[in-house]
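First up is the structure itself, then whatever we jot down about it.
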4 protein chains.
Amino acid sequence: MTAFPHPDLSAPRFAAAPDARFVPAPADGVLPDGFFSTTNLPTYVKLAGGWTMPREPRMDSALVLEADGTVWVREGRRVRAGDPVAVGQAEDGSEGIYVHAHAFLGGGGEGEFRFMASEVSREKPIDYGLMARILLDERDRGGSVVWVTGPALVHSRARADMVWFIERGFVGALLAGNAVAVHDIEASIFGTTLGMSGTGETTVGGHGLHMRAINQVRAAGSIAAAVERGIVRDGIMHACVRHGVPFVLSGSIRDDGPLPDVVTDSVAAQDAMREHTKRATMAIFVATALHAIATGNMLPAFVTEADGSLRELATICVDSSEFVVSKLKDRGTHQAFGVVTNAQDFLHILRFYVERELQSRALADAGAAAVGAAS
Amino acid sequence: MTAFPHPDLSAPRFAAAPDARFVPAPADGVLPDGFFSTTNLPTYVKLAGGWTMPREPRMDSALVLEADGTVWVREGRRVRAGDPVAVGQAEDGSEGIYVHAHAFLGGGGEGEFRFMASEVSREKPIDYGLMARILLDERDRGGSVVWVTGPALVHSRARADMVWFIERGFVGALLAGNAVAVHDIEASIFGTTLGMSGTGETTVGGHGLHMRAINQVRAAGSIAAAVERGIVRDGIMHACVRHGVPFVLSGSIRDDGPLPDVVTDSVAAQDAMREHTKRATMAIFVATALHAIATGNMLPAFVTEADGSLRELATICVDSSEFVVSKLKDRGTHQAFGVVTNAQDFLHILRFYVERELQSRALADAGAAAVGAAS
Amino acid sequence: MTAFPHPDLSAPRFAAAPDARFVPAPADGVLPDGFFSTTNLPTYVKLAGGWTMPREPRMDSALVLEADGTVWVREGRRVRAGDPVAVGQAEDGSEGIYVHAHAFLGGGGEGEFRFMASEVSREKPIDYGLMARILLDERDRGGSVVWVTGPALVHSRARADMVWFIERGFVGALLAGNAVAVHDIEASIFGTTLGMSGTGETTVGGHGLHMRAINQVRAAGSIAAAVERGIVRDGIMHACVRHGVPFVLSGSIRDDGPLPDVVTDSVAAQDAMREHTKRATMAIFVATALHAIATGNMLPAFVTEADGSLRELATICVDSSEFVVSKLKDRGTHQAFGVVTNAQDFLHILRFYVERELQSRALADAGAAAVGAAS
Amino acid sequence: MTAFPHPDLSAPRFAAAPDARFVPAPADGVLPDGFFSTTNLPTYVKLAGGWTMPREPRMDSALVLEADGTVWVREGRRVRAGDPVAVGQAEDGSEGIYVHAHAFLGGGGEGEFRFMASEVSREKPIDYGLMARILLDERDRGGSVVWVTGPALVHSRARADMVWFIERGFVGALLAGNAVAVHDIEASIFGTTLGMSGTGETTVGGHGLHMRAINQVRAAGSIAAAVERGIVRDGIMHACVRHGVPFVLSGSIRDDGPLPDVVTDSVAAQDAMREHTKRATMAIFVATALHAIATGNMLPAFVTEADGSLRELATICVDSSEFVVSKLKDRGTHQAFGVVTNAQDFLHILRFYVERELQSRALADAGAAAVGAAS
């Protein structure tokens, strides 16, 4: 992944810049006039003559100064009356806040991977090998890959492939809605999704099966309880429960039921999702516009390593049309790499390439071990 | 609109049918095994030898018998422990519940308007004249037209046309999300939507303008308060406040802010929406998949007149691709009539045809008055 | 594949039917008034009291009686003045012509493969295993699989997979346009398609590379000559030349060049394509609306076996949106089975499943041989 | 429209540049190695120390020097053995050829109309008023507006609006395919398109009606003859014939019939189309990918006025998805302005705005006349 160099903060323009100015919030959940509105790019705030990066970066939020001198990126609704909030609109450092908008353009030689480099198009080649290597690297370095998925994943046969990724440690958290879990659980209990069989046939009396699946989980009290009681015996939610993979099911007005695990309050759901986006080192969005854009809004475009260095936060967005990816980028998730294809096919091929990469790495390790043993 | 004849309930098969069977709900929000799952079609329940239609019809819900002998269609989550809930899966009356699935196919001569008759396609002619007449008829008979809109309506210049419809009494209720109101209010305060000018240009510093608009309304306390204080001076939300048109803004995980009026709990938002769908006599969905399907789930396919007769509930779904309309129909909103076009163009032409129809009706009225005066 | 039973032509309604009536064509390429316009379904013509099926079935054409008593399906433009052409509009046999429109609905038990059974949707599961088995079966029985492809196939990495299918005998004929061959040959000569590298990057000076590729082939005189001279060294066209797979490159007004092999006259190109559709026992359309619909128009919905029995002509249509498939079906190619996905991913997974099926058949054969040897 | 300033050809870098180099074409239709491949941007060629602009500019072609010292832009296939063809790949003048790629970026104050300035999106506002004014200006100054249309225009009710534009002189030439004319003529003779009535209903026996329409015109000998004999009595083709508007119907492999007027050879059709694109001062593409890209390939991005000054060639591309417009731009027609909407709605609103603009200009003229009379 592309490393982002920090700007040269010793340059005269940065030295000459004033400290950032903070103004108390006038009321709970209300920001002062002229508040600084954040982006998802590397941002530097001048405090007492030195530059610091605010914690938990995301776009469309405020910069709040804590008593201990740390600066946090916080949604306006979470700001309390009296909190010191940064003001200013300049992003060039002249008011004490610098947004490193060109981070993406610096560094990086020719051969390096650049998610941003390409326009989205169904006619562009898709480099599954590269995506597989990045995914494996993230797992191996202990990163957290956030998966955000829409129900198309479960309608189609991608369900088995998704389980495969969960079981092997490639899913740090699953962010989805009620429908993903409902379809998945209907498939486990009745073998159908929305009453449609696994080969796409409509079944008799099928239109109510998702309601019956929901009712069984409501009776059990939670998805985990339904797994424990043997009501839900396979599938995506089953794998998450069995393998301790955290999930957030956010409520929507379109929900049937909903399932007892659904966070019906959208603000609480955002908070629950952000717990995972804060830690994310990679993101994969599959067949969902709403959840992808929601998550994109919460994700920084970069990962901050333990040593303070920055690198691009690889973000893959899979959809069957260019529209969703373009919209995601328009809304500011510039780093998103679009894959215009069918959700089922994407998962299937990605799994195939990850399996192949695993084999080749195992061979390489075995070879290295043999060499080691021989020496 | 097509009238739906009731089935001949005196036929032997209906006479021979048993009463519907009711079983107590085992817990709050949990339905008994084998519960009957409703559709949006005319449904008849046999009680004490007679057939009755349940009140507040919608799909994916349960039939609950009240102590006074009325049957209500109620979402599973709203059922309380001990409520008598209808059980049975047969829809042909043989278990005391009859779904008149062929209501749409009966009655109706050749020339009659049939929303259902056509496949969705961008290549089909769009009969704006007919839609304009239906809309006027609904207003004149005191019906309630529910409008469900996505943010594309506000991005484009359709905002002025939407205001026109609100001001003239064509909008019974507006169901939308936070984004519609945010874009509309940003346009009123700053003249931009997501920082883009009315001619589609990006403005400097524009990316934070929607956050500033939200913050101003949060400071005011509500949209109505922001209208009263002169912060919001025109647009869709302004027109709703000024003309007393009720609106429901449902929360979603993608919301910025949100605005103080947003119902952030999705279950509470569904309840608020259903207050309007219960009374709806027509529905217009513009450029929204999520809200359209949510509303479609709550709408019966028919209107019950005061005299008990039934007619089709005209449902227009406008989107720039066939996909949303097809999905809406797949999810059971069979009566939806798809218009595959741009939201801005749809509203513009519909308004033009409504204006023309108003003129021709005014002329006809004037002519009739003149004839009346002369006679 | 579904077998199509012939109708029971001994039934009284068929026995009572008159012979079909033929009227001479008034001029070359002009049909008599009231001509019978064919469909792609099994059709029976009554001649001298007996029923016969016309040869070379396709839709939108005329039935021409030859002197030897055979009936041919022929495009209007190919009819000569004086040719006896069937007249009548009834398709129920009452005028001596019977279209077996319900052929698809008869026969066929539950588990049988039915291409027609499903609506097109990106959310339907895709049964690659089944498609792989059908493709192998066609090859093994000596059928001819017609592939019809658009340029998206070559833009993306599907090129290598397409070569794989050609080399292994899965391609009976390739029907495409100038662009497919130009992109493929540009990739062979310069490593780019439309100046874009294999990883999707734009190359310097790239915009003219396709013109240079075309010019080299024009200088050589033909694609085969360019292969022989080592100008074109790999790719789809190279594989066709090397493996003797016939191809038709049809001209279009959008063509650059064109390449010398292109049949620039659209009527001649149709004739050339029909030579292959006449013999086709399966068809695969990938990422092309124009060529898919053109070929669909020429294909019967069924294959006539040597013994006169009929079976469905498996037709797979791959596109990234539902629109093309729906349009293809609307235009009468009812038997098309839609796969809504990316062309590159489709070929990649299909190849993977064909490889797996080949292995499992090889194992089964080996097992059978071992058993045979042991007995 | 944006004026394009010429580059300052007196600058030292241009003065120092060598003359362009020309090499004889090795054979008919074959270009010399290293030929210069043209773009659609303003191009300057140095000859005998002076700079000249080649005539009949278009992309993907060669520069051919005539004996009289003029340079022509000519497709490779039209070059004859021995013709002097410009060679060189540099576009910066260093090899005697300069492409003014930044022409679009120079000049133009803020308020000026810039087709290029916007990304394509269904969410962008559409400025019909501006398009109406440009269209009227072109007509009034004697420009030639080339309309390129797909069959969706005729399926829908846009047919009447298209006739309106033809009758009032807004159409300089109509470039289309067989299908547009077939649907239009079927509508005139039978009142259907592909057997579908004007309200979108399928008619009995409808599937063959387009074949019967074609046959009648084939019998008449030409569309003009069919108009004269009263077979075709209204519609788009009728209006073209009656008002002397030239049309080119280009053949394709998907054509039924085709109609006798269709130019079935694609190379001849390109030549026929280019006769019109050479003279075009504006272009409108409606609901056609193939013909739009074909025409875009032939159009310069600019108009050369009689006085040698240059201005942008306004190019509007209407389609129901962003894809076609993006592809058109990707293929080099950068100046295209995308309108993402339904073809029927586009024509309807554009006509409405043109009518309004006509009225306001008539009023202004009347006012000016009154003032003139009074003074």
Side-chain angles (χ1 to χ4, degrees), chain A residues 26-27 29-39 59-62 75-77 89 91 175 177-178 194 205 207-212 214-216 218-219 250-258 260 262-270 273 289-291 293-295 297 321 323 330-332, chain B residues 26-27 29-39 59-62 75-77 89 91 175 177-178 194 205 207-212 214-216 218-219 250-258 260 262-270 273 289-291 293-295 297 321 323 330-332:
Chain A
V30 179
L31 299 168
D33 280 350
F35 67 91
F36 184 87
S37 186
T38 62
T39 71
M59 67 171 77
D60 291 334
S61 295
E75 295 88 346
R77 61 181 160 79
Q89 296 201 27
E91 300 185 340
L175 309 184
N178 182 62
L194 280 179
H207 72 78
L209 291 179
H210 65 298
M211 300 310 300
R212 299 185 197 290
I214 292 167
N215 196 51
Q216 292 198 21
R218 288 180 71 94
S250 307
S252 98
I253 47 161
R254 182 182 142 185
D255 292 347
D256 295 310
V262 169
V263 183
T264 59
D265 185 78
S266 57
V267 161
Q270 286 188 14
M273 290 167 71
L290 179 70
H291 288 76
I293 295 172
T295 306
N297 285 351
S321 86
F323 184 66
D330 274 1
R331 295 294 180 278
Chain B
V30 180
L31 300 168
D33 279 350
F35 67 92
F36 183 88
S37 186
T38 61
T39 71
M59 68 172 78
D60 292 334
S61 294
E75 295 88 345
R77 61 181 160 78
Q89 296 201 26
E91 300 185 342
L175 310 183
N178 182 64
L194 281 179
H207 73 77
L209 291 180
H210 65 297
M211 299 311 299
R212 299 186 196 289
I214 292 167
N215 195 53
Q216 292 198 21
R218 289 179 70 95
S250 306
S252 97
I253 47 162
R254 183 183 141 184
D255 292 348
D256 295 309
V262 168
V263 184
T264 59
D265 185 78
S266 57
V267 161
Q270 286 188 12
M273 290 166 71
L290 179 71
H291 288 77
I293 295 173
T295 307
N297 285 352
S321 85
F323 185 65
D330 274 1
R331 295 295 180 276

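In what follows, chains carry the letters A, B, and so on, assigned in the order in which the sequence lines appear, proteins first and then strands, with residues in each chain numbered from 1. Everything quoted here is computed from the prediction, not taken from an experiment.
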So what's closer than 4.5 Å to chain A heavy atoms on [X]: side chain, backbone, both or neither?
| X | answer |
| --- | --- |
| B/T38 | backbone |
| B/H210 | side chain |
| B/A219 | both |
| B/M273 | side chain |
| B/Q216 | neither |

Closest heavy-atom pair and its distance - A/P26, A/P32: CD-N, 3.6 Å

Closest contact, heavy atoms only, A/S37 versus A/D60: OG-CA, 4.0 Å

Just give me the residue among [options] that pairs up with chain A most often, heavy atom to heavy atom, under 4.5 Å.
| options | value |
| --- | --- |
| B/R254, B/H291, B/E91 | B/R254 |
| B/V262, B/I293, B/I253, B/N297 | B/I253 |
| B/T39, B/I214, B/V263, B/L290 | B/L290 |

Donor-acceptor under 3.5 Å (A/Q270 side chain, B/D255 main chain): yes

Test item: B/T264 and A/S266 side chains (from C-beta on) under 4.5 Å apart, heavy atoms: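 Yes, side chains in contact.
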
Tell me, out of [options], who's got the most heavy-atom pairs with chain B below 4.5 Å.
| options | result |
| --- | --- |
| A/A27, A/G29, A/P260 | A/G29 |
| A/M211, A/E75, A/R77 | A/M211 |
| A/N215, A/V30, A/D33 | A/N215 |

Toward chain B, the part of A/D256 with a non-hydrogen atom under 4.5 Å: side chain

